[in-house]
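Here is the structure we will look at.
Excluded from the calculations below are hydrogen atoms, water molecules and symmetry mates; all remaining heavy atoms, backbone and side chain alike, are included.
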Amino acid sequence: MTDDKRKKIELCFDSVEKIVSLRDALTRAVTNISYNLEWAIGRLEIYQLPYASETDNVKLKEGLM
């Protein structure tokens with residue numbers, strides 16, 4: 001194998017390593033964002049949903065959004 005071919009193959013493997021690393025980082029980021037969104041939605045459901053007696057005029061409480 002010539003040096004030129006060997007260098008091209010090494011560059012390909014380097015590129016694949018970078019792609020795998022970026023994919024892992026993006027997967028962690030999406031997982032983190034999903035967790036935070038679920039937490040925020042849960043908080044909104046707890047503090048924003050009206051009680052059974054208040055279902056006629058549903059308004060968000062000020063300061064929580």
Side-chain angles (χ1 to χ4, degrees):
M1 181 181 311
T2 65
D3 282 343
D4 189 42
K5 284 184 179 180
R6 184 179 58 79
K7 286 180 182 180
K8 285 182 181 179
I9 291 173
E10 287 176 358
L11 287 174
C12 286
F13 278 105
D14 288 343
S15 295
V16 169
E17 283 183 48
K18 288 177 185 177
I19 291 169
V20 170
S21 177
L22 287 172
R23 183 176 181 264
D24 290 344
L26 287 172
T27 299
R28 286 191 304 273
V30 167
T31 300
N32 189 28
I33 291 168
S34 296
Y35 172 80
N36 287 321
L37 283 174
E38 287 176 13
W39 179 83
I41 289 169
R43 297 279 295 176
L44 286 173
E45 288 174 345
I46 291 170
Y47 292 107
Q48 300 287 339
L49 290 179
Y51 295 105
S53 62
E54 299 176 353
T55 54
D56 294 335
N57 272 332
V58 176
K59 293 183 181 178
L60 295 177
K61 295 178 184 177
E62 283 190 43
L64 293 177
M65 289 281 292

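- From I33, atom CD1 reaches atom CG of L26 across 9.5 Å, with rounding to the nearest 0.5 Å.
- A salt bridge links R6 with D3: at least one charged nitrogen is closer than 4.0 Å to a carboxylate oxygen.
- Between the side chain of N36 and the main chain of N32, a donor-acceptor pair closer than 3.5 Å is present.
- Put simply, CG on L22 and OG1 on T27 are 10.5 Å apart, with the number rounded to the nearest 0.5 Å.
- Looking at S21, its side chain never comes within 3.5 Å of a backbone N or O of E17 through a donor-acceptor pair.
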